[in-house]
Amino acid sequence: MGGERTRPMWVLLMLLLARPARAMCPARCRCNDDILQTSCVGAGLEVVPIQLNPEMRHIDLSHNKIDNVHFTLSFYYNLISLDLSANKIQTLGTSNFESQHNLKHLNLSSNEVESLSKDSFKGLRNLTELDLSFNRLEELPSVTFRELHSLQVLKLTNNQLVFLEEGLLTHAKQLRELLLDDNQLLELPGPAIGDAANLQVLSLSRNLLVSIEDGDMPTLPDLQVLLLDTNVISDIHPGALAGLATLEYLDLGDNNFTSVPTASLAKLSNLTKLHFSGNFIRSVPPVAFRGLFQLRFLRLNRLDLLTRIDSRAFVDNIHLERIWLDDNIALQSIPTRLFYGNPRVTHISMRNNQLVTLEVSHFPLDQLKSLKLGGNPFQCNCSLLWLWRLQQEQMTRKSGGNDTDEGDLNIDVDHIRCAGPEPLANLLLVDASESQVDCSLGWVAAVSAVLFACLLLGTASTLLYFGPMRRRLNKRELPPRESAPCPDGATLTLTYEDPRVDKYIIGPPLIHEYRALPPWDTFAKSNDMDIYRQFDANIKTRPHIVYV
Ligand SMILES: *[C@@H]1O[C@H](CO)[C@@H](O)[C@H](O)[C@H]1NC(C)=O
Ligand SMILES: *[C@@H]1O[C@H](CO)[C@@H](O)[C@H](O)[C@H]1NC(C)=O
Ligand SMILES: *[C@@H]1O[C@H](CO)[C@@H](O)[C@H](O)[C@H]1NC(C)=O
Ligand SMILES: *[C@@H]1O[C@H](CO)[C@@H](O)[C@H](O)[C@H]1NC(C)=O
Ligand SMILES: *[C@@H]1O[C@H](CO)[C@@H](O)[C@H](O)[C@H]1NC(C)=O
Ligand SMILES: *[C@@H]1O[C@H](CO)[C@@H](O)[C@H](O)[C@H]1NC(C)=O
C-alpha cells in the first residue's frame, strides 16, 4: 500500500524527466507518432508505460504482466482504444479512467479482476465496447456501468456470475450485444436484461439455466440472436418467448429437452435459423416446428435417443433450405416424403446415423444440391441402386473436370460405405459394380431373350396363347432371383404384353428404378388439416419429382 502512495510522485518525476526530450518508446514497443498508435504486445511490461506521447490514441498493452492501472492512464487523455487484455490486473481501483472521455474500446479480457466498484468505470461516457471476458467476476454492483451511456457491446463471457442485479443496465440504452456465456447463471436475468431494450444479440451459452418460465424473458423488440445452448433447460413456458418477434437465430442445442418445445417456438415467426442438437428427444412429432414459416436452417444433430421422425415433422417450414440430422446414433429409418412440404430444401445431411437403406422417394432430388449420407451402415442391395447411379454420374462429371457446377447434386461419395451384404461389406458404395447393386440385371437379360422369342411366337399365334404362357413364364422360366431380390414394384410393372416393354428392358438404364410410386399422401385424415390449408396456396403446386 505504501508503494502505491509513493507511486504518483515517482510517476511525476519520470514524466518531468521524459518531457523535455521527445516522448520515448519503451524497448520492445512500437510507437507511431503519426497515427498516434503504440503497440507493446508481449513486451514484458509490469506497469503501464507513462513516457509515451501523451497524444496517443491507440495503445495496445496486451500480453504483459501489468497488475494494476493506478494513476497511469490520466496521462493519455486522447485515448480511443486501450487493450489491456492478457495481463495480471486484479483490481481496476476507482476513477482510473476518469479522464478517458474519448475512449471507445476498452479490452480487459483475460485478467484476474474479481470485483468492480461503483467508480471503476467512472468517466467512460464515450465507451462503446467493453470486454471483461475471462476474469473472475462473481457479482456486479448495479451501479457498475452507470456512466457508460454509449455502451454498445458488453462482453462478460467466462466469469463466475451467478446472477445480474436489476438496474445494472438501466443506463445502457445503446447496448446491442451482451455476452454472458460461460458463467454460472441459474436463471435468466430477465429484469436486468429488460432495460437493454435495443439488444440485438444475447448470448447465455454454457450457464446453468434450468428452465425459462413465463415472464423470465423480457420483451426485446430488436433481438435477432439468442444463444441458450449448453445449459440444462428442459422446459420453456409456451408464452416465454412471445416478446421476441424479430428473433432470427435461436440456439437451444445441448440442453435437457425431452420433447421439441413446439408451442414456445411457434411465437418466433421470424426465426430463420434453429439449432436443437444434443437434446434428449425420442421423436420429432408431426409439425414439430409449427408456425416457423421463415425457418431456413435447422440443426438436429446428436439426438442420441431419437428413433422416429414423423413424415409431417417439417411441413410448416416451407422455406427450409438446409437441414442437418447428423450423429443421431439410434435413428434407423426416416419416413418417405419427409421433405414433402419443403419446396426449397437444397442441402440435406444425414451422416453417422444407423440408416440401413433409403428410398429414392425420401429425397426431392430434382432440387437438391447437397446430400450427405456418409457413416451409415447401408445394406447395398438394389434398393440403393438410385444412389449408386447418382454417384456414378457425379464421378463422371468430376473426371470430366466439371465438378464445380453449382446446379449439380453433390454427394459425399467418399464416405458412403456398405455394411453389407457380405461381398460389399466395408466397400464404398461407389466402388461396387453395377451387377453387385443391381439384382435385377441377371434376370432382365434372360427375360428379354425369352420375350423376344415370345414376340416372334406372338406374331404367329393368336392372343389366346398369351395367358397360359405368361403364367408359365412367371412361374417357371424366370431364373431364381439373386441374393437381394428387388421389391415387387420394380418388376411387376413390367409385363410383356405392354408394347413398351422392349424399350424398357433394352432401353435406358434407368428402367430399374421404374416403379409404381404410391401417390403422395394427402393429409386429409389428419386433425391438423387446417394448419395445412392455410399455407397450401404457398406451396408450389408442382409435386416433388422423384428420380425415375
Ligand atoms: C465523445 O467523443 C467525441 C469525439 O470523438 C467528443 O466530441 C465528445 O465530447 C465525447 N463525448 C463525451 C460525452 O465526452
Ligand atoms: C480483447 O483481447 C482478446 C485477447 O487479446 C481478444 O481475443 C479479444 O477479441 C479482444 N476483444 C475485443 C473486443 O477486441
Ligand atoms: C424478419 O427478418 C428480416 C430479415 O431476415 C427483417 O428484414 C424483417 O424486418 C423481420 N421482420 C420482423 C417482423 O421482425
Ligand atoms: C440434464 O441431463 C444430464 C444428462 O442426461 C443429467 O446428467 C442432468 O442431471 C440433467 N439435469 C437436469 C437439471 O435435469
Ligand atoms: C461445365 O459445365 C458447364 C454447364 O454445365 C459448361 O458450360 C462448361 O462448359 C463445362 N466445362 C467443362 C470444362 O466441361
Ligand atoms: C435391401 O436391404 C434393406 C435393408 O436390409 C431391406 O429393407 C430392403 O428390403 C432390401 N431391398 C431389397 C430389394 O431386398
Side-chain angles (χ1 to χ4, degrees), residues 39-42 58-64 66 80-87 89 103-111 113 127-135 151-158 176-179 186-187 201 207-212 229-235 252-258 278-282 302-305 332-334 336 354-360 362 376-388 418-422 424-425 429 432 436-441 443 481-492 512-513 515:
S39 171
C40 299
V41 179
H58 307 276
I59 300 182
D60 187 347
L61 297 171
S62 61
H63 299 273
N64 284 289
I66 299 168
I80 292 175
S81 74
L82 175 61
D83 191 342
L84 283 163
S85 64
N87 278 284
I89 301 171
L103 193 64
K104 285 189 156 41
H105 307 279
L106 176 56
N107 194 342
L108 292 163
S109 161
S110 301
N111 277 283
V113 182
L127 197 70
T128 57
E129 187 171 18
L130 175 57
D131 193 342
L132 279 166
S133 57
F134 294 88
N135 277 285
L151 199 61
Q152 294 176 10
V153 178
L154 176 55
K155 302 189 177 179
L156 290 164
T157 306
N158 228 300
R176 285 186 283 105
E177 198 172 317
L178 176 58
L179 307 187
L186 294 165
E187 53 188 61
V201 177
N207 277 279
L208 300 169
L209 307 179
V210 175
S211 68
I212 301 181
D229 59 293
T230 328
N231 281 276
V232 284
I233 306 172
S234 55
D235 188 37
L252 289 176
D254 298 287
N255 276 289
N256 276 29
F257 288 100
T258 52
N279 280 291
F280 299 95
I281 60 170
R282 291 172 190 278
R302 293 180 289 101
L303 301 167
D304 287 358
L305 304 181
Q332 296 181 348
S333 66
I334 56 164
T336 51
Q354 288 295 317
L355 302 172
V356 288
T357 192
L358 285 170
E359 302 275 326
V360 65
H362 278 118
N376 283 290
F378 285 121
Q379 283 296 316
C380 296
N381 55 26
C382 53
S383 296
L384 283 183
L385 183 60
W386 62 274
L387 185 58
W388 183 86
C418 305
E422 225 353 272
L424 291 175
L429 174 61
Q436 278 175 311
V437 281
D438 185 0
C439 45
S440 59
L441 210 62
W443 65 263
R481 289 180 169 187
E482 297 196 358
S483 53
C486 266
D488 284 351
T491 60
L492 294 187
H512 308 303
E513 279 139 42
R515 60 182 67 213

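Just so you know, ligand 1 is whichever comes first in the structure, and atom 1 is the first atom listed for that ligand. Just so it is clear, the structure is predicted and the values come from calculations on it, not from any experiment.
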Can you name the atoms of ligand 6, numbered from 1 with element, that are less than 4.0 Å from a heavy atom of Cys382?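 In order of numbering, the contacting atoms are 13 (C).
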Closest non-hydrogen atom pair between Thr128 and His105, with its separation: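 For Thr128 versus His105, the nearest heavy atoms are OG1-CE1, 3.9 Å.
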If you look at every heavy atom in Trp386 and Val360, which pair is closest and at what distance? NE1-N, 3.4 Å
Distance under 4.0 Å to a non-hydrogen atom of Asp131: what atoms of ligand 2 satisfy this?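 Within the 4.0 Å cut-off of Asp131, ligand 2 contributes 1 (C), 8 (C), 10 (C), 11 (N), 12 (C), 13 (C).
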Short list, please: which atoms of ligand 2 are under 4.0 Å from a heavy atom of Glu129? 13 (C)
Under 4.0 Å from atom 5 (O) of ligand 2, can you find at least one protein heavy atom?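 There is a protein heavy atom less than 4.0 Å from atom 5 (O) of ligand 2.
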With sequence neighbours left out, what residues match Phe257 under ring-ring contact (aromatic ring centres under 6.0 Å, His included)?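 So Phe257 forms a ring-ring contact (aromatic ring centres under 6.0 Å, His included) with Phe276.
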For [Y], does its backbone N or O pair with a side-chain atom of [X] as donor and acceptor, under 3.5 Å?
{"X": "Asp83", "Y": "Ser85", "value": "yes"}
{"X": "Asn87", "Y": "Ile89", "value": "no"}
{"X": "Asn231", "Y": "Asn207", "value": "yes"}
{"X": "Asn64", "Y": "Ile66", "value": "no"}
{"X": "Asn135", "Y": "Asn111", "value": "yes"}

Using distance alone, decide if ligand 2 has a nitrogen or oxygen within less than 3.5 Å of any nitrogen or oxygen in Ser109. no
Indicate yes or no: does an N/O atom of Gln379 lie under 3.5 Å from an N/O atom of ligand 6?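 Among all N and O atoms of Gln379, none is under 3.5 Å from an N or O of ligand 6.
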Purely on distance, is any nitrogen or oxygen of Asn381 under 3.5 Å from one on ligand 6? yes
Mode of Ser62 contact toward ligand 2 - side chain, backbone, both, neither (heavy atoms, under 4.0 Å): neither
Where the closest heavy atom to atom 10 (C) of ligand 2 is concerned, which of Asn107, Thr157, Asp60 has it?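 Result: the heavy atom closest to atom 10 (C) of ligand 2 is in Asn107.
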Heavy atom to atom 9 (O) of ligand 6, shortest distance: which of Ser383, Ser333, Ala419, Pro421 holds it? Ser383
What is the nearest protein non-hydrogen atom to atom 8 (C) of ligand 4, stated with its residue, atom name and distance?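 Looking only at protein heavy atoms, the one closest to atom 8 (C) of ligand 4 is Asn256 ND2, 3.7 Å.
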